[in-house]
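Both counts, for ligands and for their atoms, begin at 1 and track the order of listing.
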Amino acid sequence: MQVDLLAGTTYGAAVIPKRRPTILAFDSGLGGLTVLGEAVRARPDARIVYAADDAGFPYGRLSEAELVGRVLQVMERLVARSHPDLVIIACNTASTLVLPALRARFTIPFVGTVPAIKPAAEITRSGLISVLATPGTVARDYTRGLIETYAAACDVTLVGSTRLASLAEAALKGEAVDDEAIRAELAPCFVERDGARTDVVTLSCTHYPLLLERMRRLAPWPVTWIDPAPAIARRVAQLLGPAGDHAIDAAGDAPAIFTSGAGITGPLRIALAGYGLTQVMVEPVPLAN
Ligand code: DGL
């Protein structure tokens, strides 16, 4: 099902570079790869830099004040290093909180990803929708505001998963992830009430689409899963403007930057290469405390 998510996603102001544009895709870990994949498809001419704040992962456990400080600190380093024309905050946990501070600090546009509550409310037939996200995202005032504005007529279940992002990371690193562990995280999304049941689940953490095939298989009944990545990529392409005649000869040598690099396994390097990220680098930014 095609769903237009733009109204549920926040973005910065446009910049249209004439030369080959650089897009920095940022997440706490590997979830942003699901957005990067779509961004590359939408703008194959762009130079893509992927950055994972793995020293700060998972963001879902940080307090709001810690998270704002952390993202600003890491972004200073990444912007100075890669000079992006546009940054994708490919992380709901950060986007639902930090975008105003980032836009106040930097002049480049920031495209964020926030829970797709508006499109979920538009397509549900049963009226029961679930927002599957990190504990941080479900606790945000921003998320509550989206529900009040766009889904007041729906029965919205907020599911703050403590383990699913880490399970997705483990799977991408080549570790065995038990079906039962995934099933347990999904279970609260599936609600039956007064003869109706949940029919839409928003994947409101960018890590979750990494497990989508397994989640479909493990779900107690079929639902529509909303992955916002294609809509974010369309918005990125729109902000960058028409692609020029930029050479695409550097495709496949894009860098992946980690703030710790402690968990980089052989299978992960292979997975990163599958996204065109063949240069793996560390920009050390230890988490304070
Ligand atoms: N990928 C991040 C998101 O979209 C969250 C993972 C984390 O807790 O750091 O929310």
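- Within ligand 1, the atoms closer than 4.0 Å to a non-hydrogen atom of Cys205 are 1 (N), 2 (C), 3 (C), 4 (O), 5 (C), 6 (C), 10 (O), numbered from 1 in the order shown.
- The shortest N/O to N/O separation between His207 and ligand 1 falls below 3.5 Å.
- With a 4.0 Å heavy-atom cut-off, ligand 1 is reached by the backbone of Thr206 and by its side chain too.
- The shortest heavy-atom distance from Gly29 to ligand 1 is not under 4.0 Å.
- Close N/O approach between Tyr59 and ligand 1 is found [any backbone or side-chain N/O within under 3.5 Å].
- Tracing side-chain contacts under 4.5 Å through hydrophobic residues (I, L, V, M, F, W, Y), one reaches Leu67 starting from Val79; they form part of the same cluster.
- Atom 3 (C) of ligand 1 has Asn92 N, 3.3 Å as its closest protein atom, hydrogens excluded (heavy atom only).
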Requested in this report: Would you sort out whether Val159 and Val138 count as a side chain to side chain contact (heavy atoms under 4.5 Å, CB included), showing the intermediate values?
Outcome: CA-CA 7 Å; Val159 179; Val138 301; 5.8 Å; no

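- Taking the six-membered ring where the residue is Trp, Phe26 and Tyr59 present tilted rings, their angle falling between 30° and 60°.
- Remark: Thr278 OG1 to Leu272 CG distance equals 9.5 Å, nearest 0.5 Å.
- Heavy-atom contacts of Phe57 reach the following atoms of ligand 1: 7 (C), 9 (O) (cutoff under 4.0 Å).
- To the nearest 0.5 Å, atoms OG1 (Thr202) and CD1 (Ile226) are separated by 6.5 Å.
- Atom CD1 of residue Ile23 and atom CG of residue Leu86 lie 6.0 Å apart, to the nearest 0.5 angstrom.
- In terms of protein heavy atoms, atom 6 (C) of ligand 1 is closest to Ser28 OG, 3.5 Å.
- Considering only heavy atoms from C-beta on, Val98 stays 4.5 Å or farther from Arg70 through its side chain.
- Nearest protein heavy-atom contact of atom 10 (O) of ligand 1 is Thr93 OG1, 2.5 Å.
- At the shortest separation from atom 8 (O) of ligand 1 among protein heavy atoms lies Gly60 N, 2.9 Å.
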